[in-house]
Amino acid sequence: MSTVTQKKINTAQAINLALHDAMAFDSSVVVLGEDIADAQGGGVFKCTAGLSEKFGTGRVKSTPISEQAIAGAAVGGALAGLRPVAEIMLMNFMTVAMDQIVNHAAKLRFMTGGQTHVPLVIRTTTGAGFGTGGQHADYLEAWFAHTAGIKVVAPSTPADAYGLLLSCIFDDDPCIFIENLPLYFVPGEAPEPGVRVPIGKAKVVQEGSDITLVSYSRTLHDVIAVAKKLAKEGVSAEVIDLRTIAPLDMETVTASARKTGRVVVAHEAQVDFGVGAEIAARLHKELFGTLKAPVARVGAARSPVPFSKPLETEFVPTQSRILAAIRETLN
Amino acid sequence: MSTVTQKKINTAQAINLALHDAMAFDSSVVVLGEDIADAQGGGVFKCTAGLSEKFGTGRVKSTPISEQAIAGAAVGGALAGLRPVAEIMLMNFMTVAMDQIVNHAAKLRFMTGGQTHVPLVIRTTTGAGFGTGGQHADYLEAWFAHTAGIKVVAPSTPADAYGLLLSCIFDDDPCIFIENLPLYFVPGEAPEPGVRVPIGKAKVVQEGSDITLVSYSRTLHDVIAVAKKLAKEGVSAEVIDLRTIAPLDMETVTASARKTGRVVVAHEAQVDFGVGAEIAARLHKELFGTLKAPVARVGAARSPVPFSKPLETEFVPTQSRILAAIRETLN
Amino acid sequence: MSETNNPGKQVLLEIYRIASLIKQADDRFIELIKAGQIASPYYSPRGQELIPAAISVNLRADDTVVTTYRGIHDQLAKGIPLKPFVAELLGRATGTCKGKGGPMHVTHVASGLPVTTGIVGAGLPIANGLAWAAQLEGTDQVTVVNFGDGASNIGAFHEALNLAAVWKLPVIFVCQNNGYAEHTRYDLGTGAATIADRAIGYGIPGVEVDGNDAVAMWKAANAAVARARAGEGPTLIEANTFRFRGHLLGDDSHYIPKSEMAAAVAADPLPRFRAWLIEQGFATDGQLADVEATNAAAFEEAVQFGLASPYPDISELERDVVAEGVPA
Amino acid sequence: MSETNNPGKQVLLEIYRIASLIKQADDRFIELIKAGQIASPYYSPRGQELIPAAISVNLRADDTVVTTYRGIHDQLAKGIPLKPFVAELLGRATGTCKGKGGPMHVTHVASGLPVTTGIVGAGLPIANGLAWAAQLEGTDQVTVVNFGDGASNIGAFHEALNLAAVWKLPVIFVCQNNGYAEHTRYDLGTGAATIADRAIGYGIPGVEVDGNDAVAMWKAANAAVARARAGEGPTLIEANTFRFRGHLLGDDSHYIPKSEMAAAVAADPLPRFRAWLIEQGFATDGQLADVEATNAAAFEEAVQFGLASPYPDISELERDVVAEGVPA
Ligand SMILES: Cc1ncc(C[n+]2csc(CCOP(=O)(O)OP(=O)(O)O)c2C)c(N)n1
Ligand SMILES: Cc1ncc(C[n+]2csc(CCOP(=O)(O)OP(=O)(O)O)c2C)c(N)n1
Ligand SMILES: [Mg+2]
Ligand SMILES: [Mg+2]
């Protein structure tokens, strides 16, 4: 998605902009979540600031601390023709709302034989780095990607956050929209107003010929940094930002892997049974016998998220671990 | 696990036997769940029959319909030195208890720096075949396997159910014990009293040289049936019952794959982001360049579980789909 | 809460028509299951017929009803068309859900039955969302959500009632208290003296009513529906009743004392209501027999339609997972 | 519920010692955070000190207390040793959790602090399990679980109180009602007139008390603990209080009316209690100043210990995930 303007905004602002534009564009778009209305500060991360003042507290509702009720109200509202955007403050809190998301939102279209559908978005954020410890920073995208009927999106830039959120809001099926806490505050290229980024399309962030680096969300930025280092050594890396986890854009990933013959997948979620496993399994099959090295996977340490700073710093897929995996894959 | 006796029992009986033996052996073993006490019938599937009569309603407690309270009581009991075995009637109902399992049971050992540990077992059952429709038959093992700190077990025979349940009960960390509803009623070789089956050890059910078939839970039986058909055609299949999903016994799987060069993984869970992906990703790496064909994955249809019989029958990984995947892998 | 209204003769006869249709449907389904023509667990509502019958006559076609696996009484009361209804229980392509939902999940959007869940308590938060949409759009539609006594102990119940109270949603929470949650007697699983008491914890009206008394049930529903339509917010109704046929078909109710069962059977609300209607001169035995005969004929026609209908094509596994033409 | 007991002088002074220690700790932590020596969100308990102080003097060392991210007051009151406590907030290897837990998750099993959760409401079901173990083993230990007003709206609260009631567990559910859940005022998120009212829905005692009144708080806790020890079951205590320093450090409390904040500050329970102790002749200003000085010295020693302690080795990432020597 190219853009003309040079203005920079951060992801929190981009999300806010997308919500404003979507609500102005379509009166069926409604927003709910804890502390999201302006009287409560417009969201703890300010992503929903100004919405209730502009669109009223009927369409923009702060809720009690009741994630099952939040998700359920979103499901019911969607069944009744609304396009609810529910904020589940942090991804770990989705663990109390899994029933509504997995047993209901994901399935009702099918279980009703197509009589109904559930066009809702659940926005949530996560990610290590701010010392929030073991219960506030998990990446659980693989759970939802494993569930038929749900789309999973995880942008890494403000512009993609804007364009993908619009696409999710106007998609006719449930979407899990995964934001990253540290990225909220990182400025980037501003989006083009109203321009939607398609769900299910990865983005080649940087073209290259020696190796393919696949990532998404915050980790993508570390991958880009590592790619820059490699460039200085004369290694040409192609960097792909998945942007959508489900459905996976294997066309883009496979095309790149076919070209480079070497692939490293990096994400902040656990490696085992994670998104990297699905990508590796598919590349192994689709490019059988043609890859020059096995697909490498880099992820978080095999532990809960630790509090202590030095541990938290090493917990995530660090640039040095990403680099090590690349070097191993190159040899 | 070999056994001398010729007596046959089914998996429901094996589970019941393991619970009786564990409770008799160690007074810290306690059991809780909906309708599990004898006054309520000893469990809807009778797996807990006779326990409350023998060990009292203090150690064997029926609960309200409150899965969060059930899982939480198990976590707290475990922290206090008990070895709770909680029954979550069906796996889909674990969606309302995910917080206690994933944010607490799995993490407290780490988050307390080893001051505490959580030796609980959550028994649950699932599986299509009985016309229970979209919200009563999902396989969600990949979610738990993706979570650090939890073990995931899914036996396919009465003897393994008995021996693995004992191991899980006496393991010092949380275990998710996945039973299969249709298998409850299938008789098999009786276990040797008191003999535990180790967690994390797959079982070579049948040795073979042409192809490796990896499965677990109910699907394993279809795989065995297909292997028998293949034998008649002179195809020698090695059949592996994983028995434990996390930690995966890749040693056994890899050794077999190294020998046969061809692997098919079959399970009733969704293929995408499922257990088969992790196995394929690891084999691809560990045996890079030596496999004769890509690892094939067979799973449920990419949909919720349908009610209508003909659809339900085709939803699961049928023998014909397993066979087709094998043939493709053999050529 | 005004309970001054009274149901008239026509309303009472309509309640009887619906309740007797439910009983006939239940009897017939059990025959079909025993004949192996429905392969699924089946949760009989026998004994609870008067509750939805007395509620539904207070509802409009555009009001919505959310129910559970034990829901054929609620669905029939809301007016689901019989042919696609029966076909759904039979898993046929002509069913309301093309056979994909089945007995535990019968829905029919056109009849105001958008969600039937098999997860205890899950319908309550969803009902709030339906009511929120009506509130936003300024229609005066109401949503009735049915659940059991056992469901009142799950977290979703609590979160949903509290949210509905705080948002003043037009929802009627109907707890059909049949005294048992599966095999667990009310008091063994529930700390509250009455489910209605729990309304205090949400600052909303909590009404305990004899769900086996058509007039009392009608009055409670009438008042709650009026309150919801007027924008005054939700009501929790506890309708006391009993289930005669166990938790699911095959359950021998061993956990129910023989005396309790005997007393309940002796007080079967349906024949009692029938006798009362005659005794009060609202109808003659013959007139009610005609109603039953008409029901029976219509229902049997639906059964034959269902049995003659094809099963869905295997390709239906790929359909309705996500919107047409979009990769799943 | 007998509230006849009264705290004696020694008890009142101990309550003050604890409460003032909590305030001193809070002040010091905020200094450390502003100095960049703790890198984590911090949830100040300032204003709520008297609640755990008055509860803890009713507890035994072997009783357990479950708390939340806003928990340093509960932890200090239960008697957590200061050095490993401070070290944990600083993320050091000498911390109670080797620095792996951090400010939101400080636990110390030896002090009866086995669980501190960051998930709203999650501590309540876990408290039931701790109490169940005590009930089974026939010890008369009790478990106190602390949570906020907002937490009373989440499903886990409901399920936990109901289970505790039905199982007659020795649990004291303490809702520290500070009037706000993050930025949401009590009445905007909670349908109940009082949280204590919700006890009716579980058939257990619900006690509303001024949590800023040490004597009233002590009496409520004393009665609830006695009831639990006697095997008579759980109690829900709603302790009304106020938080002075926002939801978490950095929160400017913009959502709290200036007048409300001013009134609260004017009624700060800690100086009020201090003045009352002197006025009642329980202590002189000098004696209380000594208590504060002793606290301060001990706490500063702990801070220096923490600051001088090493961070955990990176290998700690692999440790404590599962039992030693077992593959994760
Ligand atoms: C979350 C969840 N837990 C458990 C079950 C299994 N289950 C199905 S019905 C039922 C009993 C419900 O009792 P009640 O709410 O009284 O309704 P009734 O069946 O009596 O109409 C249970 C435990 C479920 N479906 N969902
Ligand atoms: C399940 C869950 N939802 C949301 C949050 C985010 N959160 C943390 S504290 C808090 C407010 C809690 O308010 P209250 O219960 O009144 O306790 P207080 O902070 O006032 O002590 C919220 C919403 C969480 N931690 N867990
Ligand atoms: Mg019931
Ligand atoms: Mg509060």
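Sequence lines set the chain letters: A, B, ... in the order given, protein chains first and strands last, and positions in each chain run from 1.
Using a 4.5 Å cut-off between heavy atoms, Ala151(C) touches chain B through its backbone atoms (N, CA, C, O) alone. Using a 4.5 Å cut-off between heavy atoms, Thr117(C) contacts chain B through both its backbone and its side chain. Using a 4.5 Å cut-off between heavy atoms, Leu248(C) does not touch chain B at all. Interface remark: Leu90(C) contributes backbone atoms only to the contact with chain B (heavy atom separation under 4.5 Å). Contact annotation for Asp313(C): only backbone heavy atoms (N, CA, C, O) come within less than 4.5 Å of a heavy atom of chain B. For Phe130(B), the part lying near chain C is the backbone, with the side chain staying farther off; criterion is any non-hydrogen pair under 4.5 Å. Heavy atoms closer than 4.5 Å to chain C are found in the backbone of Ala39(B), but not in its side chain.
A donor-acceptor pair is defined here as one N or O able to donate and one able to accept, closer than 3.5 Å; no such pair exists between the side chain of Thr64(C) and the backbone of Pro114(C). Here the side chain of Gln270(B) pairs a donor or acceptor atom with the backbone of Ala301(B) at under 3.5 angstrom. Thr219(B) contributes no side-chain N or O that, together with a main-chain N or O of His267(B), makes up a donor-acceptor pair within less than 3.5 Å.
Classification of the His183(C)-His247(C) ring pair by plane angle, with boundaries at 30° and 60°, yields perpendicular. Ring geometry for Tyr69(C) against Tyr43(C) counts as perpendicular: the plane angle is over 60°, on a 0 to 90° scale with 30° as the lower cut.
Here Pro103(C) is the residue among Cys97(C), Ser152(C), Pro103(C) with the most heavy-atom pairs under 4.5 Å with chain B. Among Gly155(C), Ala122(C), Ser40(C), the residue with the largest count of heavy-atom pairs under 4.5 Å with chain B is Ser40(C). Note: Thr132(B) leads Val305(B), Thr63(B), Thr132(B), Thr313(B) in heavy-atom pairs under 4.5 Å with chain C. Options Ser308(B), Gly131(B), Ser62(B), Gly41(B) differ in how many heavy-atom pairs under 4.5 Å they form with chain C, and the most are formed by Ser308(B). The greatest number of non-hydrogen atom pairs below 4.5 Å with chain B, out of Glu316(C), Lys100(C), Arg92(C), Glu318(C), is found for Lys100(C). Across Gly121(C), Gly191(C), Gly101(C), the residue that shares the most heavy-atom pairs under 4.5 angstrom with chain B is Gly101(C).
Remark: Arg46(C) qualifies as a cation-pi partner of Phe244(C) under the 6.0 Å distance and 45° angle criteria applied to the six-membered ring.
Looking at Asp272(B) and Arg297(B), no side-chain N of the basic residue comes within less than 4.0 Å of a carboxylate O on the acidic one, giving no salt bridge. Classification of Asp251(C) and Arg245(C) as a salt-bridged pair fails, no side-chain N sitting under 4.0 Å from a carboxylate O.
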- Message: Apply ring-ring contact (aromatic ring centres under 6.0 Å, His included) to residues Tyr180(C) and Tyr186(C) and explain how you reach the verdict.
- Response: CA-CA 5 Å; Tyr180(C) 290 85; Tyr186(C) 175 91; 9.8 Å; no
